[in-house]
Protein chains: 2
Amino acid sequence: MIVDVSKKILIVGLGLLGGSYARALKRFGFYISAITKEQSSIDYALNEEIIDEGSTELDKRIIGDADVVIFALYPHVFVEWIEQNQGLLKSGAIITDVTGVKKSIVYKIQEMLRDDVEFIAAHPMAGREVAGVENSTDKMFSGANYIVTPTDKNTPEAISTCLELGRLLGFSNVTTLSPEEHDEMIGFLSQLTHCIAITLMTCNDKENMEKFTGDSFRDLTRIARINDLMWSELFVANKDALLTQMDMFMDKFKELKSMLQAEDIEGMRKIMRHSTQRRALFDKK
Amino acid sequence: MIVDVSKKILIVGLGLLGGSYARALKRFGFYISAITKEQSSIDYALNEEIIDEGSTELDKRIIGDADVVIFALYPHVFVEWIEQNQGLLKSGAIITDVTGVKKSIVYKIQEMLRDDVEFIAAHPMAGREVAGVENSTDKMFSGANYIVTPTDKNTPEAISTCLELGRLLGFSNVTTLSPEEHDEMIGFLSQLTHCIAITLMTCNDKENMEKFTGDSFRDLTRIARINDLMWSELFVANKDALLTQMDMFMDKFKELKSMLQAEDIEGMRKIMRHSTQRRALFDKK
């Protein structure tokens with residue numbers, strides 16, 4: 001193990017994801033501390049024995065003690081925290097994050113960060129439709145992807161540490177991508193997907209539709225129940241990549257619509273066969 | 001029971017849906033016959049004891065004996081069957097169907113049908129991603145909707161018989177809609193949903209995306225594995241209603257895109273809150 005269990009790990013932001021990190025890492029016996037807004041979150045985590053200590057204040061000792069700091073905050077809150085409080089970090093500390101967009105965050109943080117602290121970015125692709133440390137679980141990373149997005153400012157040691165962290169958390173696939181590759185991929189697989197779900201859910205307000213709905217519509221709108229504060233910020237933070245994906249989707253949708261208008265059965269069948277073939281790639285292995 | 005068990009039921013088209021009908025109705029002891037293309041389907045159903053007799057031919061006795069005939073065929077095959085073979089039906093027989101579109105089928109069949117036979121249309125909103133009588137199950141109707149679409153040509157007796165059939169099959173919700181209401185509703189809840197899934201699945205052919213996919217993308221593309229022959233026909237058969245739904249979706253999608261371009265966080269959050277509220281209506285009760 002590269003990350004030995006004598007390391008002290010601090011989690012900043014003890015919500016669903018931060019809490020699940022604490023829970024998963026505690027299994028190995030790490031000393032885990034937390035800083036978060038609500039005292040009730042600290043109390044819950046202490047009671048569940050998934051953290052060793054915690055504070056709702058910027059506790060200088062807790063922050064200064066940490067060898068690894070995991071920021072599980074909204075993107076702009078993370079940037080502000082580093083701007084205002086990076087002086088409190090231990091020299092030699094490695095910091096990482098859970099932010100769902102990378103290009104607009106990683107370079108900014110690395111640019112402003114002290115030379116004796118290293119930021120290696122990561123995106124745990126896992127979530128639930130519920131929030132809060134009370135819903136945290138060490139099961140949510142099984143079957144999921146953990147993506148590390150190094151830049152040329154990162155050392156091999158920090159990259160290895162971050163990859164190891166992903167494996168310890170229990171992610172099934174731990175990989176690296178450049179911040180740009182990550183944002184293009186996430187723009188398609190996650191953000192475009194959410195755009196479509198909320199559009200489908202809001203484009204037709206006719207009453208009583210729910211009485212006739214089946215599994216197809218339910219599947220396509222499961223993620224239409226969405227944290228508006230977080231996702232609107234993530235969309236804007238990945239604006240260019242997401243707009244490109246939205247245009248690609250709209251072009252194809254218009255093509256299908258033109259075929260329907262022309263009753264071009266063969267054209268539609270070709271798209272459907274392409275769809276069927278390509279979907280097979282995405283089956284759970 | 002309005003449909004007493006001495007009635008003989010004929011199923012024309014013994015695939016996934018026809019086979020599931022046979023299986024569900026056999027529980028009550030009905031005499032069930034089947035006419036279908038493949039001898040292997042008849043053999044399977046006889047062996048499983050879900051039909052009493054069957055043929056791959058237009059067996060005059062079997063057809064002439066049936067009090068209720070259920071057509072589980074593609075729309076154009078159903079229309080052709082009635083055109084060519086309605087002379088074989090028993091006087092006083094009630095016929096029904098499983099077709100996923102109504103306006104373009106119901107009036108056409110009722111117009112051409114003999115006066116002593118009545119067609120009452122129905123749409124069982126249930127399916128699986130697999131085909132064939134070998135995959136049939138009497139469980140697939142639990143939790144699902146069965147919609148009867150009467151016109152002013154239908155008698156109260158035939159409407160009651162068809163509603164009773166839906167309940168006997170095990171559907172959780174059995175209701176009536178006009179053919180026009182049905183097609184608008186299905187255009188939105190089912191056909192638009194399939195259009196979106198196949199568009200998402202085919203709009204970006206970049207390689208290796210499947211390595212990073214999560215549950216959201218998988219949920220939105222589950223139905224992108226699609227029977228191209230059947231769905232292209234259903235889309236064209238409901239062309240006007242589906243085009244209207246596609247336009248409504250595209251208008252809303254463009255609105256969201258404009259907000260992203262303008263970085264209109266408040267506008268996006270408003271759509272997301274609307275989406276979250278409206279999705280709650282569609283939770284399984």
Side-chain angles (χ1 to χ4, degrees), chain A residues 125 144-145 147 173 185 188-190 193 195-204 209-210 212-214 216-226 228-229 231-232 235-236 239 242-243 245-246 248-250 252-253 256-257 260-261 263 265 268-269 271-276 278-279 281-282, chain B residues 125 144-145 147 173 185 188-190 193 195-204 209-214 216-226 228 231-232 235-236 239 242-243 245-246 248-250 252-253 256-257 260-261 263 265 268-269 271-276 278-279 281-282:
Chain A
M125 288 183 67
N145 290 299
I147 303 166
N173 307 299
M185 184 273 295
F188 176 62
L189 288 176
S190 170
T193 303
C195 285
I196 289 169
I198 63 177
T199 301
L200 179 59
M201 198 66 251
T202 57
C203 73
N204 183 342
M209 287 292 194
E210 67 274 14
F212 300 101
T213 196
S216 304
F217 186 83
R218 282 210 184 88
D219 277 0
L220 264 82
T221 56
R222 180 181 60 84
I223 55 172
R225 183 168 292 181
I226 192 168
D228 57 294
L229 195 61
W231 282 91
S232 57
F235 282 2
V236 171
K239 180 178 158 179
L242 178 53
L243 284 174
Q245 299 297 335
M246 289 180 92
M248 286 171 74
F249 176 83
M250 208 148 31
K252 197 76 189 178
F253 195 76
L256 183 62
K257 192 189 151 197
L260 176 57
Q261 270 169 327
E263 302 191 7
I265 293 264
M268 286 192 286
R269 290 187 62 188
I271 290 182
M272 290 177 187
R273 284 194 298 267
H274 179 194
S275 173
T276 299
R278 196 159 160 73
R279 181 58 176 78
L281 291 176
F282 288 78
Chain B
M125 290 184 66
N145 290 300
I147 303 167
N173 307 299
M185 185 273 294
F188 175 63
L189 288 176
S190 171
T193 304
C195 285
I196 289 169
I198 64 178
T199 302
L200 179 60
M201 198 66 251
T202 57
C203 73
N204 182 341
M209 286 292 192
E210 67 274 13
K211 291 187 186 159
F212 300 102
T213 196
S216 303
F217 187 83
R218 283 207 185 91
D219 277 0
L220 264 82
T221 55
R222 180 181 62 82
I223 55 172
R225 183 169 293 181
I226 191 168
D228 57 295
W231 282 90
S232 58
F235 282 2
V236 171
K239 180 177 158 181
L242 177 54
L243 284 174
Q245 299 297 334
M246 290 179 91
M248 285 171 75
F249 176 82
M250 207 148 35
K252 196 76 189 179
F253 195 75
L256 182 61
K257 192 188 152 199
L260 176 57
Q261 270 168 326
E263 302 191 7
I265 294 263
M268 286 192 285
R269 289 186 63 189
I271 290 181
M272 290 175 186
R273 284 195 298 266
H274 179 194
S275 172
T276 299
R278 195 158 161 75
R279 181 58 176 78
L281 291 177
F282 288 78

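Just so it is clear: chains get the letters A, B, ... in the order the sequence lines come, proteins before strands, and each one is counted from 1.
- In this structure, the portion of B/Asn145 lying under 4.5 Å from any heavy atom of chain A is its side chain and not its backbone.
- Of the atoms belonging to B/Leu200, heavy atoms from both backbone and side chain fall under 4.5 Å from chain A.
- Most heavy-atom pairs under 4.5 Å with chain A, from the set B/Ile147, B/Thr193, B/Thr213, B/Leu189: that is B/Leu189.
- Among A/Met268, A/Glu263, A/Gln245, the residue making the largest number of heavy-atom pairs under 4.5 Å with chain B is A/Glu263.
- Of all heavy-atom pairs between A/Ala224 and B/Ser275, the closest is O-OG, 2.6 Å.
- Proximity to chain A (any heavy atom under 4.5 Å) is shown, for B/Ser216, by both the backbone and the side chain.
- Both the backbone and the side chain of A/Leu229 have a heavy atom closer than 4.5 Å to some heavy atom of chain B.
- Residue A/Ser190 does not touch chain B at all, counting heavy-atom pairs closer than 4.5 Å.
- Here B/Ile198 contributes atom CD1 and A/Arg278 contributes atom CZ; the two are 14.5 Å apart, rounded to the nearest 0.5 Å.
- Your options are A/Asn204, A/Val236, A/Ile196, A/Ile271, and the one with the most heavy-atom pairs under 4.5 Å with chain B is A/Asn204.
- Smallest separation of non-hydrogen atoms from B/Cys203 and A/Lys252: CB-CB, 3.7 Å.
- At a 4.5 Å heavy-atom cutoff, the contact between A/Met125 and chain B is made by side-chain atoms alone.
- Note on B/Gly214, B/Cys195, B/Ala197: by heavy-atom pairs under 4.5 Å with chain A, the leading option is B/Cys195.
- Options B/Phe188, B/Phe235, B/Trp231 differ in how many heavy-atom pairs under 4.5 Å they form with chain A, and the most are formed by B/Phe188.
- Between the CZ atom in B/Phe249 and the OG1 atom in B/Thr199 there is a gap of 8.0 Å [rounded to 0.5 Å].
- Atom-to-atom distance recorded for A/Glu210:CD and A/Phe217:CZ is 10.0 Å, nearest 0.5 angstrom.
- For the set A/Arg273, A/Arg225, A/Met185, A/Met250, the entry with the most heavy-atom pairs within less than 4.5 Å of chain B is A/Arg225.
- Contact annotation for B/Ala144: neither backbone nor side-chain heavy atoms come within less than 4.5 Å of a heavy atom of chain A.
- Listed options B/Thr202, B/Leu243, B/Ile223 were ranked by heavy-atom pairs under 4.5 angstrom with chain A; first place goes to B/Thr202.
- Contacts of B/Gln261 with chain A are made by both backbone and side-chain atoms, with heavy-atom separations under 4.5 Å.
- The shortest heavy-atom contact between A/Phe282 and B/Arg218 is O-NE, 2.7 Å.
- Using a 4.5 Å cut-off on side-chain heavy atoms (C-beta onward), B/Lys211 and A/Asn173 make no contact.
- Contact count against chain B (heavy-atom pairs under 4.5 Å) is highest for A/Leu260 among A/Leu260, A/Leu242, A/Ile265, A/Leu256.
- Proximity to chain A (any heavy atom under 4.5 Å) is shown, for B/Met209, by both the backbone and the side chain.
- Judged by distance alone, the side chains of B/Thr221 and A/Arg279 do bring a donor and an acceptor atom under 3.5 Å apart.
- The shortest non-hydrogen separation linking A/Met272 to B/Ile226 is CB-CG2, 3.5 Å.
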